[in-house]
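Below is one structure, written out as structure tokens, with a few remarks after it.
Order of the sequence lines sets the chain letters (A, B, ...), proteins ahead of strands, with each chain counted from 1.
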2 protein chains.
Amino acid sequence: MTRCPRSTSTGADGALWPAAAAPSSTEGYRLLPRYRLGDRKIEAGRDLFSVGSTGNAIFNLIDGWVALYTQLEDGRRQIVQFALPGAILGVLPSNRSQATFGALALTDVVVSVIPNSMLATLSRDEPELPMRLARSLARDCSLAFDHLTSIGRRSARERVAHLILELFTRYRAQWPGNRIEEMLLPLTQEQIGDATGLTSVHVNRVLSGLRKERIVEFHYRRLRILDPDRLIEVAGVEPEVVTAWLER
Amino acid sequence: MTRCPRSTSTGADGALWPAAAAPSSTEGYRLLPRYRLGDRKIEAGRDLFSVGSTGNAIFNLIDGWVALYTQLEDGRRQIVQFALPGAILGVLPSNRSQATFGALALTDVVVSVIPNSMLATLSRDEPELPMRLARSLARDCSLAFDHLTSIGRRSARERVAHLILELFTRYRAQWPGNRIEEMLLPLTQEQIGDATGLTSVHVNRVLSGLRKERIVEFHYRRLRILDPDRLIEVAGVEPEVVTAWLER
DNA sequence: CGCGGCCTTGAGCAACATCAACAATAGTGG
DNA sequence: CCACTATTGTTGATGTTGCTCAAGGCCGCG
């Protein structure tokens with residue numbers, strides 16, 4: 001957390017994105033035991049589940065990106081969360097009723113399906129499971145609070161920077177060691193807008209600004225962080241918060 | 001759930017706010033077993049816990065209103081959730097690290113304290129507990145997603161209406177039978193602004209508008225719903241969502 | 001190589017913020 | 001019970017951010 005006085009870096013850089021070697025497989029992310037019947041693939045652009053569906057299963061995301069979103073009657077949309085491998089998705093049984101949000105596969109996706117009916121018996125074999133579920137949900141909540149703060153109180157520029165920083169950091173936590181400064185971020189500018197409460201047009205302008213200032217480049221889903229320190233500064237995030245994103 | 005075809009009402013009125021007789025005590029809301037050592041009172045205006053505090057306990061809110069909030073370095077604040085009796089507050093152990101949000105008592109408050117150290121043993125006696133915790137967290141998440149949608153995609157007018165409708169509905173679910181259309185809502189206009197991502201000045205203007213249109217009156221913490229149907233309409237909420245607020 | 005989806009840019013405008021002064025309220029101590 | 005004070009609410013004038021509308025360019029894919 002301390003030292004690591006890298007050249008132009010504030011020090012946060014080294015601490016936040018350690019270059020440790022790590023598993024390239026998805027092995028570490030199966031929080032729920034996987035059952036053979038359970039694996040399912042969903043192709044990019046399709047819904048894992050939709051608003052109003054009566055969820056009778058929860059999903060453990062094994063591979064790919066998923067966006068959780070809500071929708072108003074008139075079509076306005078809000079992305080409320082991005083899920084990366086390891087996430088647990090879906091509606092708990094008896095939080096009865098329909099899902100109030102949908103789940104869109106941003107890339108081709110693999111999930112392992114745990115039917116709600118199986119949840120109770122599963123918990124008997126593995127009594128730690130509900131508590132892990134609770135922790136996962138607590139983390140989702142925490143992230144949602146963060147987004148709320150961003151959308152409610154930050155400027156457009158700050159919001160976009162914040163989102164990019166968050167996604168980059170969370171992604172990088174999964175595949176450390178890869179070329180650090182570049183990644184595939186499977187989002188359109190419209191989706192960034194839906195996540196930040198902005199128009200795609202305005203997102204575009206903000207991104208132009210960040211590109212001209214040589215902080216970040218984002219073009220057709222290719223993200224490149226040019227100046228991590230300034231990005232953190234623009235996003236207005238304290239390092240502690242960033243580390244919280246990394247927890248599971 | 002059906003009938004109750006009240007005069008000018010669309011019918012939603014009766015469905016949403018059933019006038020059933022109900023427990024006036026808080027008996028029903030102790031989701032966690034209560035331990036004698038645990039009860040604690042906090043007076044209005046004080047923090048239950050603060051941003052950055054290392055939560056070593058979780059709280060079951062027995063009585064009073066609590067606001068969960070975050071804060072940016074420069075003082076901008078965002079209220080991310082309102083907790084009513086029955087809520088479970090605090091940070092789970094090993095979602096280690098500090099709380100990223102604080103908890104402000106809006107009224108005098110009674111909580112029962114469950115030290116994290118006790119959580120594991122408690123779960124052995126009562127194996128249902130972690131699952132109940134998970135459900136509570138899932139509900140918080142759901143609410144947070146709702147707020148995100150509101151702040152991200154609704155106009156100021158819609159946001160304020162939405163918040164009032166939510167709080168009124170949740171409150172009324174606890175004390176049904178009381179004078180339906182009036183309640184004490186322990187918020188300042190500034191706090192409403194902090195929850196909706198608006199300025200207190202603008203909140204004031206919106207409230208003025210709603211008052212002139214005889215939809216809602218809110219003055220020094222006294223809330224009066226004049227036209228529930230139009231409030232629902234302005235808030236742009238489907239009844240299903242409202243019912244979701246009522247679940248625990 | 002042509003088509004559809006995505007990005008880019010400009011001009012004008014609406015919603016909300018900011019700043020500032022003042023009024024109403026409720027809580028306080030005499 | 002009253003006077004005083006701090007807090008909260010109200011209103012107007014003005015400024016800025018981000019939205020809307022619209023046209024055109026770029027990219028990737030079939």
Side-chain angles (χ1 to χ4, degrees), chain A residues 43-45 67 72 74-78 104 106-108 150-164 184-212 216-224 234 236, chain B residues 43-46 67 72 74-79 104 106-108 150-164 184-212 216-224 234 236:
Chain A
E43 67 186 31
L72 305 184
D74 61 4
R76 287 177 285 182
R77 202 183 329 178
Q78 175 71 39
L104 170 70
L106 295 171
T107 62
D108 289 348
S150 198
I151 295 188
R153 288 305 185 207
R154 286 194 227 259
S155 70
R157 190 179 149 88
E158 292 172 303
R159 286 184 225 176
V160 171
H162 187 269
L163 179 67
I164 287 176
L184 198 118
L185 184 64
L187 296 175
T188 64
Q189 294 185 357
E190 181 160 29
Q191 287 165 337
I192 293 179
D194 285 343
T196 50
L198 300 169
T199 310
S200 63
V201 174
H202 200 64
V203 168
N204 185 290
R205 291 193 228 272
V206 169
L207 286 173
S208 295
L210 293 175
R211 176 165 6 104
K212 270 188 207 99
V216 156
E217 275 175 18
F218 179 70
H219 199 65
Y220 283 91
R221 294 166 208 208
R222 193 127 245 132
L223 174 69
R224 179 187 273 262
V234 171
Chain B
E43 67 186 32
R46 304 194 69 86
L72 305 185
D74 61 4
R76 286 176 285 181
R77 201 182 330 178
Q78 176 71 38
I79 292 178
L104 171 69
L106 295 171
T107 63
D108 289 348
S150 198
I151 296 188
R153 287 307 185 206
R154 287 194 226 259
S155 70
R157 189 179 151 87
E158 292 172 301
R159 285 184 227 176
V160 171
H162 188 269
L163 180 67
I164 287 176
L184 197 118
L185 184 64
L187 296 176
T188 65
Q189 295 185 357
E190 181 160 28
Q191 287 165 336
I192 294 179
D194 285 343
T196 51
L198 300 168
T199 310
S200 64
V201 175
H202 200 65
V203 168
N204 184 293
R205 291 193 227 272
V206 169
L207 285 173
S208 295
L210 294 176
R211 178 166 3 107
K212 272 187 205 98
V216 156
E217 275 175 18
F218 178 71
H219 199 65
Y220 282 93
R221 291 161 212 213
R222 194 128 246 132
L223 174 69
R224 180 186 272 263
V234 172

Sequence neighbours excluded, the answer for salt bridge (Lys or Arg N to Asp or Glu O under 4.0 Å) partners of A:Arg222 is A:Glu182

For the side chain of B:Asn204 and the backbone of B:Val206, is there at least one donor-acceptor N/O pair under 3.5 Å apart?
no

Check: A:Phe218 and A:Leu210 side chains under 4.5 Å, non-hydrogen atoms
no

Could I get the full list of side-chain contact (heavy atoms from CB on, under 4.5 Å) partners for B:Ser200, not counting sequence neighbours?
B:Glu190

Measure from the side-chain N and O atoms of B:Thr199 to the backbone N and O of B:His202, and report whether any donor-acceptor pair falls under 3.5 Å.
no

End-to-end bend of the helix from C:dC7-D:dG24 to C:dG30-D:dC1 (five-pair axes, 10° rounding)?
50°

Using a strict cut-off of less than 4.0 Å between a Lys/Arg side-chain nitrogen and an Asp/Glu carboxylate oxygen, indicate whether A:Glu158 and B:Arg76 qualify as a salt bridge.
yes

Letter per nucleotide, 5' to 3', of nucleotides 9-24 of chain D [B base touched, S only sugar-phosphate touched, - untouched; heavy atoms, 4.0 Å]:
SBBBB----BSB----

A:Arg159 side-chain N/O to A:Arg154 backbone N/O, donor-acceptor pair under 3.5 Å:
yes

Check every nucleotide of DNA chain C for an atom under 4.0 Å from a heavy-atom of chain A, then give the first and the last such nucleotide from 5' to 3'.
C:dG5 to C:dA11

Donor-acceptor contact present, side-chain B:Asp108 to main-chain B:Ala44, <3.5 Å
yes

Scan residues 192-208 of chain A for pairs that pass salt bridge (Lys or Arg N to Asp or Glu O under 4.0 Å), counting only residues two or more places apart or in two chains.
A:Arg77-A:Asp194, A:Asp194-B:Arg153

Can you name the closest pair of heavy atoms from B:Ala161 and B:Val234 and give their distance?
CB-CG1, 3.7 Å

